[in-house]
Each structure stands twice: as structure tokens, then as C-alpha cells.
Participant: 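Once you've had a glance at the structure underneath, I'll fire off some questions.
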There are 2 protein chains.
Amino acid sequence: MAERAGVSVASVSRVLSGNYPVSEDLRRRVMKVVRDLDYVTNAHARSLAGGGTPTVAILINNITGAAFAHVAKGVEGAATLRGWLSLVGTTGDDPERELALVNLMRQQGVAAVVLLGGAYDYDEYQLRMARFARSLDAAGSHLVLVGRPPLEGDVPATTVDYDNEGGAYAMASHLLSAGHRRVLVLPGPAELTTAQGRLRGAERAFEAYGVPFDPGMVRYGPYDDEHGYSAVETALHETPDFTAVLAGTDVVAAGAMQALRAAGLRVPEDVSIVGYDDIPLASQLTPQLTTVHVPYEEMGRVALRAVADRREGGGGRRKGADGDHLVLGTHVVVRNSVQPPSTGR
Amino acid sequence: MAERAGVSVASVSRVLSGNYPVSEDLRRRVMKVVRDLDYVTNAHARSLAGGGTPTVAILINNITGAAFAHVAKGVEGAATLRGWLSLVGTTGDDPERELALVNLMRQQGVAAVVLLGGAYDYDEYQLRMARFARSLDAAGSHLVLVGRPPLEGDVPATTVDYDNEGGAYAMASHLLSAGHRRVLVLPGPAELTTAQGRLRGAERAFEAYGVPFDPGMVRYGPYDDEHGYSAVETALHETPDFTAVLAGTDVVAAGAMQALRAAGLRVPEDVSIVGYDDIPLASQLTPQLTTVHVPYEEMGRVALRAVADRREGGGGRRKGADGDHLVLGTHVVVRNSVQPPSTGR
DNA sequence: TTGAAAGCGGTACCAC
DNA sequence: GTGGTACCGCTTTCAA
């Protein structure tokens, strides 16, 4: 390339990276050859030499989840805006694969690794993440946890979270204030941190309303529509006196809605339903689902901004300071799936 | 690293890449230091030197589309299986951004660039893609088009497609054989190749059934629920005699369903609805949507396999031979959103 | 089996 | 303003 244009490699570099004054003549000469050869610089060589495009890695359990897709969109969008690149890897809920991916990303020299989605709260979790955080930090990278519990102690990681429990509290309150007392609760998988938080929020709401919370009305299970369906189906036999369903996610709510209809019950006339997440599905169902809006895309943007700032800011703000744990708000979106309990049931 | 272990860099390389016989002693010595230092090789240096992990780039309009997410999952899954890495970039339907991304990927030295989703059939399309294909090919990479029209002429690209028109033909036939004659057709955006194919399939079915196809019953618009809603709303005023809706995608069908309900019409008793894509939404709606199944995830897997084979196979099969254009089948999934037309309407 | 050394394709510092 | 050149960290001959 350099010889083809009859100039030095240094000059080519200067023209292409554009961070150095060059004569018009030289620039023209180089650019002509670039066009002739359809030339692009080698990103690997560039990275090796110090320059290079910063890259964020997004690690996700399952790329087909709507909520995660929105976070990814937020990260990707914000990254693109800054000229950063984004890598995506899926873990399939497999800890080994997660580890492998974190290391792979470390090899790639990514600026940050963003881990998405509620975590299973097994004992090792804190240790495992702390290890990731330190590994990445030592390699000049940074760990960002999105929608997961923050790390305890002095660990070099950033957490972007949302008010999970508060959203559930508000959602349950909405049901309670409409007059519902017997509520079927489908929090999600018992071990998942998000499910735990949502359940806790609901309990607190019941407490605040002075309504006894019946643990027998809680049914754990995966965050999918099949669980929503079967849980309602079972409940219809065992504890059929519920007048509302508080689902852990919109997808679970969709399943619940189908089960009710299959049993000849109307929504919301006979039974009210609420969801959580506010993914597009919520407004595609009939009736449109009253749910908790979680700012997924915004979280993605915030996550990227956090690492970008920390990069630019350089030695500016110290770790341990504010900014290591960001919490975004949630709010109830009222649509058409809630009505006061019918006197008939 | 090498000195820390008291061995040569060559030896370290041999141990870590594991493609060369090494003594047990050396291996142990190196691995110990690797663990001590939490060391990972630099992927950029490795790529530069010739080795390196093959990477596929997935370019997508909008990461939040369920159909695309499934293709991405297929590609990513198959890539992971082979130890490949996947990059994801979103174009936001912006041709400039698409170009920028293709070049960016070329810089990254990706093994292949997979372009997802129906293309806008503007004049330049063929030229543009041919240019991409040649650029990538010259750089030792390869272009794969998924769900897009194949390229004409001798262009170094692979196309993975599905029987779009056939699916629409079958879907429309299903409606016709149920007795529907006045069908509201919402193909999607007029310029999008997938929409054109779906419309063509529907027309052919009408022809085959000897039923005159009324162009006045066709309403173009974006592939989203809002369009489905407003199109039905309008049609209810202008051509209210339809007994079924043939939607271009499941999402459009969801919008259509809502509009019908808002107008006090029942689905499928008063009006039948069918979709296209068979994304999870289709079975989450009530009634569950009869739709055309498109093997999105499979397409992703096939796309990756195609490039992987071509890589391994080396000079094996010639371009221009079979294998450059793969077409997967589609089929109708019958659920509960279709009924013979009611005599009342 | 292991080490030495020549690149891979850039960047950036140092002369001219 | 431009050219020369020493690395960046790894893979891969070539010798020992």
C-alpha cells in the first residue's frame, strides 16, 4: 500500500487515522490508492500497535428474549454513537460458557464486558463475579452488571440496575387499590434474583395495605408462557378464589391469560392480570396489559455511557465513589387488563 | 510471560495454542504461570500473526425484531459450536451505516458477513451487494445474504432464503379453502422484497382458486402492529365486507386483531386472521394465530454452516455451483384464528 | 523438544 | 510535512 502510493508507511498511517497534519497532495495521493485497492486498515494491527476501536462485549443468556434485546439495543446504539464496536455472546445460562466468554472477551481486549439479566443467586455468585471483575480490571477492561445484583465490597465493577422491587410494589398496590385481595402470584424462578425482588415488592404492598399475604398463592416457575398457562390451570383447581394474577413478566402474563380464557374466564371482567417488563407484547395482547415499565433500552445506554465516561475521564473519579451502582426508575403503565373484582367470583 | 516462566516465547505459543507437541514439564511450567497471572493471549496479536479465532459478523436492521433475533441465535449458536466468535451490528435501515459496517467488519478481518432481513428493492441493490461481495471476497471474507433476494451473475456471495412466496400461497389457500373470498391483505412495505413475495404468493393462490383478486383490498404499510391496527380500522370504513385478514407478519396480525376487537368484532367468529413468521407472539395471542412457519433459527445455522464449509473445504467446491443459493421450506401452522366465514357478514 | 528470529500491519517517536 | 524505525504480542519456519 505504502509503496503502491510511493510514500512511507508512516504517511499512510497519518492520512488514514487523520490525527496528524498532512499535505493535501499526500492525502490525495494516498486516498486515490485506497480507492483503487478498496483498502481498509487492519483492525488487529491497529489494536496491537495501541490504537484501535474500543469494543464492548454484551453477554446475554438468550438473545431471543425481548427484554434483553432492548438492553442490547441500548448498548449497541450508544456504542455506535461513539464509534465503538459491539460483540455479542450468548451464555445459555451455562456458567462454564459464561466464564469461557469472559476470557474470550479479555483476549479480544474489549473495553468492557456487559453482563445482562437476572442472576441465579447461588452462593458462588459474588465470588465468581468478583473474580471476573478483577480479571477484567487487570486487563484494562471493565465489568458492567445490568439487571443483576451489585457486588459487595471493593470490587472494580459497575452495576446498572432498576427499581425492581419498587415496581412490583407499585404494581401490587395497583391491584390492591382496585380491591383485589386474593391474588395469584407468579414471580418466576425461585432462584432468580429478579423474581425474588418482584415477590418481595408484592409482599411489601400487601403488608402496607394490611392484607394478609398468602404464600399458598405463590407459584414459582420459569419466565415463559407455558409456565403462566400451567400455573393458572393448576391454581384454578386448587385455589380458584383468586380475582387477579400478578405475573413476573409479560410473557408469563400472556400464558396466564390464555389459561383463563381456556377456562371460560374473561379478562379483565372475571380476572385481572398484570405483567412486568413492558415489552411490546404487553400492548399487543387483548386486552392490552397493565404492566411495569422497565427502561431496558435506557439501561443499555446508561451502561455504555458509564464505561465510556470512565475511559475518557481517566483517573478522574475513584472507584468506590458514586457511579458504581446506578439505579433507574420503573413505573406502572396502566392499560386495560385490570378491573375491580367482580362480585360474582 | 515467557521470561516469567523461564522459557521462550515460542514455547509459550506452542503450549497455549496446543497445536504442537510439547514436553509435559514445559507445559506444566507454562500453565502454572498462566494461572498465576490469570493470563490470556492477545487475540489481536494472534490474528495478526495468522492464527486467531474466526469471526462472523451479523448485520441486522433492528436487533429487537423477533424474527431476526432467531436468525441471530442460529448463527451465533452454530458459530459457538465451532469455536467461532460473533459480532453483531445494527444498520437501522440506513444504507450508509450498512456500508460503514461492512467496511468495519472487513477491517476486523471477519470470516464472513451475514446480512439479515428483507431488502428494499431499490435499483442499486444488486450493484451495491455485488460490490460488498467482491470487497469481502478480495479480503478473504465472504458475504452471506439471509432472507434477501439472491444476487444475479457471477458474484462471490451465498444466499440463504426461504420459500417466502410458497408460504404465502399456502396461507392464502388455507383461507380460500375455508371459504373466504373477501380478504384484506396487509403485505407490508411495498418496496420490501419479502412483502412483494408474500403478496405474489397470495395472488397466485387466488388465481388458482379462480377467485378474482381485488387490488383494492391490499394495504401496504410497515411491519408493525400500529399499521395492522390502522389498516383494519380504515378498511372497516372503506371495504367492510372482508371476512378475513391476511397479514404480512404476526406482529401486523396482532395489530389487526386489536382493531377488530375494538370495533366489536370477534376473532375468528366474525373475522379470521392469519399471520406470517411464526414468532412466539403467534402462539401468545388469543386466539392463537394460524400462521406460516419460517425456519429462522435454522436459516442462521445453515448460513454459518455454509461459510464454515467453504472455509474448511478450501478450494473444494467452485463458486457458481450449487450451495450458493439455499432455499428452506415454509409451512402453515394451523392454530385457532381461522374459521369459515360467518353467514352474518 | 526447544530456542532464535523473521515477519504480520500498523502507530508513534525521532530525525531531517 | 515526511521518512525511517523501533516496537505491539503472537505464530511459524529454521536450527540446534
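Within every chain, numbering begins at 1; the chains are lettered A, B, ... in the order of the sequence lines, protein sequences first and strands thereafter.
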Participant: Quickly, which of B:V114, B:V75, B:I63 forms a side chain to side chain contact (heavy atoms under 4.5 Å, CB included) with B:V88? Name it, please.
Facilitator: B:I63
Participant: For A:A78, is there any backbone N or O sitting under 3.5 Å from a side-chain donor or acceptor partner on A:R82?
Facilitator: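 Checking the backbone N and O of A:A78 against the side chain of A:R82, a donor-acceptor pair under 3.5 Å is found.
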Participant: Check for a donor-acceptor pair, side chain of B:S13 on one end and backbone N or O of B:V9 on the other, with a separation under 3.5 Å.
Facilitator: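 Answer holds: no.
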Participant: Quick check on contacts: within residues 100-109 of chain A, what sits under 4.0 Å from DNA chain C by heavy-atom distance?
Facilitator: none
Participant: Over its full length, what angle do the end axes of the helix from C:dT1-D:dA16 to C:dC16-D:dG1 make, each axis taken from five pairs and the result rounded to 10 degrees?
Facilitator: 40°
Participant: How many Å lie between CZ on B:R28 and C1' on C:dT1, as a whole number?
Facilitator: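 Rounding to the nearest Å, CZ of B:R28 and C1' of C:dT1 are 15 Å apart.
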Participant: What's touching nucleotides 7-9 of chain C from the protein side, N or O pairs under 3.5 Å?
Facilitator:
| residue | atom | partner | partner atom | Å |
| --- | --- | --- | --- | --- |
| C:dC8 | O2 | B:L48 | O | 3.4 |
| C:dC8 | O2 | B:A49 | N | 3.4 |
| C:dG9 | N2 | A:A45 | O | 3.4 |

Participant: Quick one: do the A:N62 and A:T64 side chains pair a donor with an acceptor below 3.5 Å?
Facilitator: yes
Participant: I'd like to know if B:E98 and B:R148 make a salt bridge, using a cut-off of under 4.0 Å between side-chain N and carboxylate O.
Facilitator: yes
Participant: Look only at the side chain of A:S141 and the backbone of A:V110, and say whether a donor-acceptor pair between them is shorter than 3.5 Å.
Facilitator: yes
Participant: Taking A:A119's backbone N and O only, do any of them form a donor-acceptor pair with A:T193's side chain (distance below 3.5 Å, no angle check)?
Facilitator: yes
Participant: Side chains of residues 37-44 of chain A: which donor-acceptor pairs under 3.5 Å do they make with residues two or more places apart or in other chains?
Facilitator:
| residue | atom | partner | partner atom | Å |
| --- | --- | --- | --- | --- |
| A:D38 | OD1 | B:R106 | NH2 | 3.1 |
| A:D38 | OD2 | B:S135 | OG | 2.1 |
| A:T41 | OG1 | A:R46 | NH2 | 2.9 |
| A:N42 | OD1 | A:H44 | N | 2.7 |
| A:N42 | OD1 | A:A45 | N | 3.0 |
| A:H44 | ND1 | B:H44 | ND1 | 3.1 |
| A:H44 | NE2 | B:Q108 | O | 2.9 |

Participant: With the criterion being N/O to N/O and under 3.5 Å, what pairs connect the protein with nucleotides 1-5 of chain D, and how long is each?
Facilitator:
| residue | atom | partner | partner atom | Å |
| --- | --- | --- | --- | --- |
| D:dT2 | OP1 | A:S23 | OG | 2.4 |
| D:dT2 | OP2 | A:S23 | N | 2.7 |
| D:dT2 | OP2 | A:S23 | OG | 3.2 |
| D:dG3 | OP2 | A:S8 | N | 3.3 |
| D:dG3 | OP2 | A:S8 | OG | 3.3 |
| D:dG3 | OP2 | A:S11 | OG | 2.4 |
| D:dG3 | N7 | A:R14 | NH1 | 3.2 |
| D:dG3 | O6 | A:R14 | NH2 | 2.5 |

Participant: Examine distances only and state if a side-chain atom of B:R131 and a backbone atom of B:Q126 form a donor-acceptor pair shorter than 3.5 Å.
Facilitator: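 The answer is no, because no donor-acceptor pair under 3.5 Å joins these two groups.
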Participant: Using a 3.5 Å distance criterion without hydrogens, assess whether the side chain of A:T80 forms a donor-acceptor pair with backbone atoms of A:E76.
Facilitator: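 Yes.
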Participant: How many angstroms lie between OG1 in B:T158 and NE2 in B:H142, if you round to the nearest 0.5 Å?
Facilitator: 2.5 Å
Participant: Tell me, please, which residues at least two apart from A:H70 pass ring pair (Phe, Tyr, Trp, His ring centres under 6.0 Å).
Facilitator: none
